[in-house]
Amino acid sequence: MSTVESYDPEPSDRRDPLIAGLGALATGAPAGLLDRVAARWVRVDAAIGDVYVAMTDQGVAYLRAEQDEDEFAASFRSRFARPLLPGGSPPPALVRALRTGRAEGLHLDLRGLRPFEAAVLRAAATIPRGEIRPYAWIAERIGRPKAVRAVGTALGRNPVPLLIPCHRVTRSDGLIGQYVFGMPAKERLLRMEHVNLDEVGTLAAKNVYFVGSDTTGVVCYPSCRDARRITPAHWHGFRTLGQAERAGYRPCRHCRPGGAAP
DNA sequence: CCTAAGGCTTAGG
DNA sequence: CCCTAAGCCTTAG
């Protein structure tokens, strides 16, 4: 910190770096220091209703749909050791992200996450709007194929839901799965993003979890944008990825069923 | 530091 | 089809 470096200690301070450091803190704080320490909260109208959002100087750090600012502050403090101050009006980029569901380019402050959690969220962030992937897909992608349940736990702790679209992660058996804001909200969000949940359900009822085209020999998750273009005459459903592969299909490079590496 | 319990799951019986 | 327990990261104790 420039304050500490530029501080000219009194002779008596010279031997003790701690005293010198404390002294530096006592001299004038530079403008902006407060915002490097404190977070600011704002309220934004999101697709699921009003949410509270905390931002640091690095970006958006926390988003929750609490009842009021006190409740939000309490949940923020139970997780972050940093003061929370009122932040005025929300940045346009944030408002846009929460209204459109497109968070590209928005800065997030994800410091403090465990490496596993960070990996899970990074994978979740790659799921395009309008598509869904299973929890097991994330587990595969991050190289922990059996940590499926831990993936759910990590997503449940997503500090910035909506911005990192954990609602696009659903169960392998075709059910929606749990969600921080509740299952109904998850379903509403997905329908809003034009995920055809009715089709997903219909297929699941028939034990179809993968679909392929016999012209391209490519197999996809049903919600994959490429799967939605398969001509009915060439459409084939599969229960497992293995069955599709045995039939000569290879995983789609876009939705990467099974979590295949790039 | 260690153990236990529990969570936005899933495969297998 | 329902039920169980494996499996694994976190956190509470």
Side-chain angles (χ1 to χ4, degrees), chain A residues 46-49 51 61-66 74-82 101 103 108 110-193 195 197 200-210 221-223 237-246 251 255-260:
Chain A
I48 56 157
V51 297
Y62 196 52
L63 184 159
R64 284 293 183 270
E66 310 293 9
S75 89
F76 176 86
R77 293 203 183 92
S78 70
R79 235 181 119 153
F80 301 90
R82 136 194 315 251
L108 301 178
L110 299 177
R111 294 171 296 176
L113 291 176
R114 302 277 178 286
F116 179 84
E117 294 173 324
V120 168
L121 294 180
R122 234 180 293 121
T126 68
I127 307 172
R129 186 187 164 80
E131 302 187 24
I132 54 178
R133 304 279 184 274
Y135 292 92
W137 177 84
I138 297 214
E140 291 283 355
R141 302 260 24 213
I142 66 174
R144 302 292 234 293
K146 300 196 177 162
V148 174
R149 199 147 179 213
V151 165
T153 304
L155 290 176
R157 288 178 45 80
N158 179 2
V160 286
L162 301 178
L163 302 176
I164 289 181
C166 58
H167 59 280
R168 296 179 193 149
V169 185
T170 57
R171 295 174 42 135
S172 301
D173 61 6
L175 298 180
I176 297 283
Q178 300 297 330
Y179 187 47
V180 231
F181 301 143
M183 247 189 59
K186 188 172 185 175
E187 177 164 348
R188 257 188 325 215
L189 279 168
L190 292 175
R191 289 193 191 280
M192 229 178 290
E193 297 183 351
V195 176
L197 291 177
V200 170
T202 308
L203 293 177
K206 291 187 260 181
N207 273 323
V208 172
Y209 301 103
F210 301 91
Y221 287 119
S223 73
F238 301 94
R239 188 168 63 75
T240 67
L241 183 59
Q243 286 174 0
E245 287 176 327
R246 263 171 263 128
C255 65
R256 302 186 186 290

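Values reported hereafter were calculated over all heavy atoms of this structure, with side chains retained and with hydrogens, waters and symmetry mates removed. Protein chains get the first letters and strands the later ones, always in sequence-line order, with residue 1 at the start of each.
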Nucleotide [N], atom [atom2] - distance to [atom1] of [X] in whole Å:
X	N	atom1	atom2	value
Phe116(A)	dG7(B)	CZ	P	16 Å
Ile176(A)	dT10(B)	CD1	C1'	17 Å
Arg168(A)	dC8(B)	CZ	C1'	16 Å
Leu190(A)	dC8(B)	CG	P	17 Å
Met183(A)	dT9(B)	CE	C1'	15 Å
Leu175(A)	dC3(C)	CG	P	15 Å

(Q) For Arg239(A), is the CZ atom crowded, meaning more than 12 foreign heavy atoms sit under 6.0 Å from it? (A)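 Open.
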Side chain of [X] - closest among [options]:
X	options	value
Thr153(A)	dG7(B), dC8(B), dC8(C)	dG7(B)
Ala136(A)	dC8(C), dT10(B), dC8(B)	dT10(B)
Arg149(A)	dT10(B), dT10(C), dG7(B)	dG7(B)
Arg171(A)	dC8(B), dT10(B), dC8(C)	dT10(B)
Leu155(A)	dG7(B), dG7(C), dC8(B)	dC8(B)

dC2(C) and dC8(B), which share atom name P, separated by this distance in whole Å = 22 Å
Next item on the list: Could you tell me whether a side-chain N or O of Glu187(A) sits under 3.5 Å from a main-chain N or O of Pro184(A), the two making a donor and an acceptor?
Entry: no
Under 4.0 Å from OP1 or OP2 of [N]: is there any side-chain N or O of [X] that close?
X	N	value
Arg157(A)	dT11(C)	yes
Ser172(A)	dT10(B)	yes
Arg114(A)	dT11(C)	yes
Arg144(A)	dC9(C)	yes

* Asked: Just checking, any donor-acceptor pair under 3.5 angstrom between side chains of Tyr62(A) and Ser75(A)?
  ->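 Present: a donor and an acceptor within the cut-off.
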Value for CD (Glu193(A)) from CZ (Arg129(A)), rounded to nearest 0.5 Å, stands at 5.0 Å
**Request:** Using a 4.0 Å heavy-atom cut-off across all strands, classify Val151(A) as base, sugar-phosphate, or nothing.
**Result:**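 Val151(A): no heavy atom of the nucleic acid under 4.0 Å.
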Q) Hey, does Gly177(A) reach any base, or is it just sugar-phosphate, or nothing, if we go heavy atoms under 4.0 Å? A) nothing
As its Watson-Crick or G-U partner within any shown strand, both distances under 3.5 Å, dA11(B) has dT4(C)
When both distances are under 3.5 Å in a Watson-Crick or G-U wobble arrangement, the nucleotide paired with dG6(B) is dC9(C)
